[in-house]
Amino acid sequence: MKRFCFSLCLCTLFLMSCGDDQEVSTRSFKIDKPLNLQDLEHGQRLAFVKYSADCSDISQVEFLSDTLIVDVHGTQIENTYVLFEYFTPYSDSYDSFTNPFTHTVNDTEDYVLIPERHSSQLFFFYANDTIFKNPTHDLNLIQDDCQLYINSNDPFIGNDIGLIEDFNIGDKRLQNKTVISCEPFFDLDGYILYDPYTIHASHVTWFGSNTVQGWMKLKDNE
């Protein structure tokens, strides 16, 4: 019975996420309790759509069928939550990842700690484990195709916290977002873009293939 209810819930989410007259890039979700970094709570939810592009021309982005849901589950330990990440049934990745990815997060007054992020679709590359709720921005960033720079020559890497006025993926535009980056490893670089309340994008560049893939938050159609 529980398995049936879970499958029914996923199917409902998918039907809400897209229709015959909607482009994937403009899908929206009816979410009663959007994720709020300032006040995490059981039952909060986020939804993301996957995108891909060539690093040299980020304007020609392709929004894919993969839709990722992130649910916040409370625990018996105070200020500790479990994030459930799972694909909607008609995502390309659904058959390969039928079980939710789960990882624990700790909520404090000043930051959210993500110690078990390696199985996460959103945070797997993030070498640090902290998302500050009201960060002090060390740097002002600029975008050049798929990458962010401190200036025209210095890429944004490491554990600094930056602010970008405009971040563009295809026809999507994120404004005045905090950016945290990974310590580069192997052949990738990545960023988390967020504001004091929610996460807006997870963006990874794979240098070996000159491609970028990421997750863009879907609209909360409240």
Side-chain angles (χ1 to χ4, degrees), residues 1-19 22 24-51 63 65-91 93-94 97-124 126 128-135 172 174 177-178 180 192-202 214-222:
M1 182 64 179
K2 289 182 179 178
R3 185 177 182 88
F4 171 78
C5 291
F6 182 67
S7 298
L8 180 62
C9 178
L10 291 181
C11 290
T12 302
L13 284 170
F14 175 77
L15 292 173
M16 292 166 59
S17 70
C18 61
Q22 287 182 304
V24 172
S25 60
T26 58
R27 291 188 305 205
S28 62
F29 271 75
K30 178 70 172 75
I31 294 180
D32 295 326
K33 293 173 64 175
L35 183 141
N36 183 355
L37 293 172
Q38 301 295 328
D39 186 18
L40 283 181
E41 185 178 317
H42 177 82
Q44 292 177 351
R45 172 171 288 164
L46 280 175
F48 294 86
V49 63
K50 191 172 186 178
Y51 62 83
F63 286 92
S65 70
D66 277 350
T67 304
L68 184 73
I69 310 300
V70 181
D71 284 343
V72 179
H73 288 243
T75 71
Q76 294 181 339
I77 303 175
E78 187 177 2
N79 296 325
T80 298
Y81 300 88
V82 177
L83 297 188
F84 280 59
E85 299 180 11
Y86 53 91
F87 294 100
T88 52
Y90 295 99
S91 298
S93 298
Y94 179 74
F97 302 101
T98 54
N99 294 320
F101 308 94
T102 62
H103 49 101
T104 301
V105 299
N106 302 314
D107 187 27
T108 75
E109 182 178 355
D110 298 321
Y111 57 84
V112 175
L113 196 68
I114 313 176
E116 301 174 8
R117 61 204 172 280
H118 304 296
S119 64
S120 169
Q121 293 286 310
L122 301 175
F123 306 113
F124 73 93
Y126 186 38
N128 203 332
D129 57 6
T130 306
I131 295 181
F132 289 98
K133 296 180 179 181
N134 295 289
K172 298 297 180 183
L174 299 178
K177 295 297 180 277
T178 296
I180 47 182
I192 303 293
L193 291 92
Y194 71 105
D195 62 28
Y197 299 99
T198 196
I199 296 164
H200 289 270
S202 174
W215 297 97
M216 181 71 68
K217 178 182 174 295
L218 290 170
K219 298 176 183 178
D220 300 330
N221 185 21
E222 299 179 332

I need the [X] [atom1] to [Y] [atom2] distance, nearest 0.5 Å.
X: H42; Y: L40; atom1: NE2; atom2: CG; value: 12.5 Å
X: T102; Y: E116; atom1: OG1; atom2: CD; value: 8.0 Å
X: L218; Y: I69; atom1: CG; atom2: CD1; value: 7.5 Å
X: N106; Y: T130; atom1: CG; atom2: OG1; value: 10.0 Å
X: K172; Y: L174; atom1: NZ; atom2: CG; value: 9.5 Å
X: K50; Y: L68; atom1: NZ; atom2: CG; value: 9.5 Å

Residues at least two apart in sequence or cross-chain that pass salt bridge (charged side-chain N to carboxylate O under 4.0 Å, His left out) with K177, listed by chain then number, are none
* Taking only residues two or more places apart in sequence or in another chain, which ones pass salt bridge (charged side-chain N to carboxylate O under 4.0 Å, His left out) with E41? ->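 Partners of E41 by the salt bridge (charged side-chain N to carboxylate O under 4.0 Å, His left out) criterion, ordered by chain and then number, come out as K33.
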Check: [X] side chain, [Y] main-chain N or O, donor-acceptor pair, under 3.5 Å:
X: E85; Y: Q121; value: yes
X: D66; Y: S93; value: yes
X: S119; Y: F101; value: no

What's the shortest heavy-atom distance between [X] and [Y], and which atoms?
X: P196; Y: L37; answer: O-CB, 3.7 Å
X: I199; Y: F123; answer: CD1-CZ, 3.4 Å
X: L46; Y: K217; answer: CD2-CE, 3.5 Å
X: S91; Y: T67; answer: OG-N, 2.9 Å
X: T108; Y: K133; answer: O-NZ, 2.5 Å
X: Y81; Y: V72; answer: CD2-CG1, 3.8 Å

> What pairs with N36 under side chain to side chain contact (heavy atoms under 4.5 Å, CB included), at least two apart in sequence or on another chain?
Replying inline: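 Applying side chain to side chain contact (heavy atoms under 4.5 Å, CB included) to N36 gives Q38, D39, Q44, Y197.
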Are any of the side-chain heavy atoms of L113 and T104 separated by less than 4.5 Å?
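No, side chains not in contact.
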Among I180, T178, D110, which residue meets the side-chain contact (heavy atoms from CB on, under 4.5 Å) test with P135?
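Per the side-chain contact (heavy atoms from CB on, under 4.5 Å) rule, the option paired with P135 is T178, out of I180, T178, D110.
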Please determine whether side-chain contact (heavy atoms from CB on, under 4.5 Å) holds for the pair H200 and T198, giving the CA-CA distance in whole Å, both sets of side-chain angles, and the decisive distance to 0.1 Å. CA-CA 6 Å; H200 289 270; T198 196; 3.5 Å; yes
